[in-house]
Each structure stands twice: as structure tokens, then as C-alpha cells.
Amino acid sequence: GAPHSSPLPQELEEARRWKGVRDLRPLDGNVQRWGGLLLPNNPPYNEGAFRFELTFSSYHPLEPPRATLCTPIYHPAVDTEGHVCQPLTTHEHWAPATRAVQVLQDLLQLLDSPDPYRVLRPDLARELQEHPEQFWHRAEEHTRLHAEQRPNPPGP
């Protein structure tokens, strides 16, 4: 039968208007896979931009989407494969009323404020707690080496 009309094209338009992302678009023309650049607000991550993918289930919005970071980041909540510890998108916490733009806002906030309780890399969480200066120094170096250039802010 014909697929039911997806809420995703509308959610994509809505998410594009948010200033925390740039270059947001369906990957390979597939509206269930979005790619874009996330622009953190806080140092040291705000020295760069981080490419991500957001993948939606065919049952969206009944099932949570999954975010993956494609740009390496030195962060306790993101593992080396780019998986993100994002409670909002776990089955226990997911609410079908949650909009895709809220998932991206939550992801940005997670990058902006590393939390020792949202952890996929215990070594980094420990470093953040016990040697914060070393953690931030390494995160800054890593951002300089791996993150993408931030796009220029849109003109007036």
C-alpha cells in the first residue's frame, strides 16, 4: 500500500530554521536520513562544527530517531564510532510528540555541557572529573585538529 504521509518533510523545514545547525538536508534524497553541521556554543567545541546524521525509523514518530556524529569529538558522551549517549532518544524516555528539532537541540546541549553521568567513554568522564584542565586542553586540541570549519554567519 502507499506509505502514510510522513511528518518528516515538515519537521525538516522546522529544524532548518533553528540557528544551531547549518547545511541540514536529507542524505541521498532520503527524508529518513538527515545530515548537517551542528554548531556548539561553548568552548572549546565552538571553535569548530560537527557533522552529524539523524536517522529516523519508518515508524517515526512512534520510535525514537538516532543521532550519530560523523566528526570525531573529544567528549565523554560520544564514543569513537560517533554513537551518542542521548537519554531523550532511548525507548524509556522517547515521547512521540518530540520534534526532530528538539532532538537536535538536546544533542547540541549535550555537546555543550559534558555531563559525567551521560557517558560512553568512562576514561574521558574520569579525566573530566579528576583532571579538568587536562580534559579541556585535550578537547581543544582535538577540536582544532578534527572539527570542520564553522560556516560564516549568514549576512544581515
Side-chain angles (χ1 to χ4, degrees), residues 6 8-9 11-12 14-16 18-96 98-132 134-151:
S6 161
L8 285 170
E11 290 203 50
L12 181 64
E14 178 183 41
R16 276 194 174 130
W18 175 52
K19 62 184 187 314
V21 334
R22 284 279 188 295
D23 190 25
L24 186 62
R25 59 178 190 274
L27 298 173
D28 310 321
N30 176 357
V31 78
Q32 281 174 228
R33 279 184 62 217
W34 298 1
L37 274 178
L38 215 47
L39 308 179
N41 298 303
N42 293 352
Y45 307 114
N46 64 356
E47 299 292 312
F50 296 84
R51 198 160 286 286
F52 68 89
E53 277 187 28
L54 193 59
T55 312
F56 297 89
S57 142
S58 356
Y59 301 103
H60 179 80
L62 301 178
E63 287 186 1
R66 177 164 294 118
T68 316
L69 278 194
C70 312
T71 306
I73 189 170
Y74 195 85
H75 195 292
V78 185
D79 72 12
T80 49
E81 307 284 288
H83 303 133
V84 181
C85 173
Q86 188 174 19
L88 177 72
T89 60
T90 57
H91 283 281
E92 304 84 76
H93 294 98
W94 178 250
T98 310
R99 314 284 295 172
V101 69
Q102 291 170 289
V103 174
L104 295 176
Q105 288 164 342
D106 180 72
L107 177 60
L108 187 71
Q109 195 180 356
L110 185 126
L111 294 186
D112 269 340
S113 3
D115 175 343
Y117 301 101
R118 294 180 172 187
V119 172
L120 288 178
R121 294 178 70 185
D123 53 327
L124 297 196
R126 201 162 44 246
E127 184 184 60
L128 175 58
Q129 283 181 298
E130 295 169 11
H131 310 284
Q134 180 177 307
F135 172 86
W136 292 114
H137 176 72
R138 289 180 171 173
E140 190 178 354
E141 286 280 273
H142 193 279
T143 301
R144 205 166 42 240
L145 289 171
H146 299 282
E148 298 201 19
Q149 288 265 210
R150 280 172 90 90

Requested in this report: Kindly write out the residues that satisfy side-chain hydrogen bond (donor to acceptor under 3.5 Å, both in side chains) with Arg150, not counting sequence neighbours, or none if the list is empty.
Outcome: none

Report summary line: Quick note, ring-ring contact (aromatic ring centres under 6.0 Å, His included) partners involving residues 21-41, not counting sequence neighbours, are Trp34-Phe56

Query - Residue list, side-chain contact (heavy atoms from CB on, under 4.5 Å) with Asn41, at least two apart or on another chain - result: Leu108, Asp112

Report task. With sequence neighbours excluded, give me every salt bridge (Lys or Arg N to Asp or Glu O under 4.0 Å) pair touching residues 62-77. Result -> none

Query - Residues that Tyr74 engages under ring-ring contact (aromatic ring centres under 6.0 Å, His included), provided they are two or more places apart - result: Phe135, His142

Requested in this report: Using side-chain hydrogen bond (donor to acceptor under 3.5 Å, both in side chains) as the criterion, list what pairs up with Gln109, not counting sequence neighbours.
Outcome: none

Report summary line: On a heavy-atom basis, the closest approach of Val84 and Leu120 is C-CD1, 3.6 Å

**Report entry** With sequence neighbours excluded, residues passing side-chain hydrogen bond (donor to acceptor under 3.5 Å, both in side chains) with Arg126
**Finding:** none

Report task. Please identify each residue that fulfils side-chain contact (heavy atoms from CB on, under 4.5 Å) with Pro9, with sequence neighbours left out. Result -> Ser6, Val31

**Report entry** Qualifying side-chain hydrogen bond (donor to acceptor under 3.5 Å, both in side chains) pairs with a residue from residues 44-54, counting only residues at least two apart or across chains
**Finding:** Asp23-Arg51, Arg33-Glu53, Arg51-Glu148

**Report entry** Residues in side-chain contact (heavy atoms from CB on, under 4.5 Å) contact with Glu140, at least two apart in sequence or another chain
**Finding:** Pro44, Arg144

Query raised in the report: Can you name the residues that form a side-chain hydrogen bond (donor to acceptor under 3.5 Å, both in side chains) with Asp123, not counting sequence neighbours?
Result: none

**Report entry** Sequence neighbours excluded, every pair satisfying side-chain hydrogen bond (donor to acceptor under 3.5 Å, both in side chains) that has a member inside residues 77-91
**Finding:** Asp79-His83, Gln86-Asp106, Thr90-His93

